[in-house]
Amino acid sequence: MLLIKNGRVMDPKTQFDGVCDLLIEDGKIIKIGEHISIDGAEVIDASGKIVAPGLIDVHVHFREPGQTHKEDIHTGALAAARGGFTTVVMMANTNPTVSTVDTLTEVLTSGAREAIHVKSVATITDKFDGQHLTDFASLLSAGAVGFSDDGIPFTDAGKVRQAMQLAVTHNTVLSLHEEDPQLTGVLGINDGEIAHKCGVTGAPTVSEYSMVARDAMLALDTQARVHFQHLSAGQSVDMVRFAKSLGANITAEVTPQHFSMTEQAILTHASNAKLNPPLRRQSDIEKLIVGLQDGTIDLIATDHAPHTHEEKDQELIKAPSGMTGLETALALGMTHLVAPGHLSLMQLLEKMTSNPAKLYQFDAGYLAENGPADLLIFDAQAVKVITDDFASKASNSPFVGEALQGVITYTICNGEIVYQAG
């Protein structure tokens with residue numbers, strides 16, 4: 001039995017915000033109220049801290065199977081817990097890809113051994129071939145929470161429409177990586193000032209928002225549930241807002257890195273700031289923030305993409321894109337959204353708990369009696385300098401050395417302490 005005392009409890013689902021206690025037993029919150037006292041309970045004094053639902057990340061890469069030198073499900077889960085996440089959804093671009101029931105069963109079996117909830121999507125097309133749709137029915141029965149070819153955009157509009165129609169039939173979600181390869185040069189670098197200084201053609205914003213526009217209209221036509229991953233371009237926000245106004249059943253996410261840094265970071269952080277989609281301009285960040293404020297962008301997801309030091313320690317053009325993101329996500333939101341007044345703390349938590357839960361209809365992302373005891377406790381005012389001492393196998397982050405606001409002290413999942421700050 002665990003008793004959390006005197007914390008500022010914030011529940012985005014009900015908008016409750018008040019100082020009270022929570023009593024936890026057998027993986028559930030059994031009582032919420034003031035001045036709870038019970039003999040024999042382990043007590044956590046949360047005075048001056050925020051008590052919130054465990055964070056939910058619908059977009060992580062844990063690299064298992066096939067690339068476990070970068071990360072595996074165990075180290076990914078440790079990184080998630082340290083970052084305040086109690087539920088994560090793995091992407092399917094592993095080796096082999098999660099295109100069959102056998103591979104899906106393998107990763108879910110591995111995930112079930114962890115202290116947090118580890119879910120997975122399956123691929124939309126077989127081995128990411130862009131043409132042959134996977135067996136949605138069998139994969140859903142085996143535990144897939146949705147479908148995504150993340151990392152590989154669809155070039156065939158007819159096949160996208162067919163996938164959306166299949167998704168409607170099975171009442172499931174498609175998550176799309178939007179980037180037209182015919183319009184891109186070097187991936188991971190915005191086609192702007194920095195790319196030109198490097199002597200290359202990068203990835204322009206039109207490569208993203210043109211495909212967002214196409215697929216938003218296909219979603220409107222089919223009424224499929226479609227989720228747009230890691231928006232980076234301001235015009236993409238405009239496209240999503242417009243399609244929503246017409247009645248499209250769509251949602252969208254943004255990563256912490258895309259609202260926290262511009263393409264200028266390449267000059268100081270080199271390959272650790274090489275991301276796909278790339279960091280954009282300040283004008284794009286401003287539109288992303290407006291999208292978060294007005295609900296056009298529904299949620300924040302990390303796109304946690306670990307790589308080894310050796311892989312990142314190459315010349316910029318050759319290095320892979322991506323960064324480790326789970327352990328800095330909340331602090332980036334606190335520092336770049338809440339502290340400047342762009343979002344309230346409750347709005348930030350909504351984007352990282354109840355809204356992600358809603359996307360996949362998880363029983364998570366809220367605090368209530370008889371509800372799941374998945375939560376985090378953090379100091380919203382404390383500031384910490386980020387070091388490369390990550391729980392993840394990887395340390396490829398452009399935020400190492402930065403002082404960020406918001407320090408997690410506990411992560412609790414199924415009523416058990418899965419992370420405690422030292």
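Only this structure's heavy atoms are used, side chains among them; waters, hydrogens and symmetry mates stay out.
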Report task. May I have all residue pairs that pass ring-ring contact (aromatic ring centres under 6.0 Å, His included) and include part of residues 213-244, sequence neighbours excluded? Result -> His59-His230, His177-His230
Query raised in the report: Out of Glu71, Lys70, Arg82, which residue meets the side chain to side chain donor-acceptor pair (under 3.5 Å) rule with Ser392?
Result: Glu71
Report task. Using only heavy-atom distances, determine whether the side chains of Glu179 and Thr184 contain a donor-acceptor pair under 3.5 Å. Result -> no
Query raised in the report: Is the closest basic N to carboxylate O distance between Lys287 and Asp284 below 4.0 Å?
Result: no
Query raised in the report: Would you call Lys5 and Asp21 a salt bridge, using N to O less than 4.0 angstrom?
Result: yes
Query raised in the report: Distance-only, no hydrogens or angles: does the Asn249 side chain make a donor-acceptor pair with backbone N or O of Leu220 under 3.5 Å?
Result: no
Query raised in the report: Checking Thr222 side chain against Leu218 main chain: does a donor-acceptor pair fall under 3.5 Å?
Result: yes
Report summary line: In terms of heavy-atom contacts, Ile50 and Ala380 come closest through CG1-CB, 4.0 Å
Report task. Give a yes or no on whether a salt bridge exists between Lys393 and Asp72, defined as a side-chain N under 4.0 angstrom from a carboxylate O. Result -> yes
Query raised in the report: Does CD in Glu416 sit with more than 12 non-hydrogen atoms of other residues, nucleotides or ligands closer than 6.0 Å?
Result: no
Query raised in the report: Are any of the side-chain nitrogens in Lys351 or Asp298 under 4.0 Å away from the carboxylate oxygens of its partner?
Result: no
Query - His258 side chain vs Pro277 backbone, donor-acceptor pair below 3.5 Å - result: yes
Query raised in the report: Cation-pi between Lys119 and Phe362: NZ/CZ under 6.0 Å from ring centre and within 45° of the ring axis?
Result: yes
Query raised in the report: Run the side-chain contact (heavy atoms from CB on, under 4.5 Å) check on Ile300 and Asp57 step by step: do they pass?
Result: CA-CA 8 Å; Ile300 294 168; Asp57 192 346; over 6 Å; no
Query raised in the report: Is it true that the side chains of Thr123 and Thr125 contain a donor and an acceptor less than 3.5 Å apart?
Result: no
Report summary line: Closest non-hydrogen atoms of Ala216 and Ala243, given as atom of the first, atom of the second and distance, are CB-CB, 3.6 Å
Query - Centroid separation Tyr410 to Tyr419 less than 6.0 Å - result: no
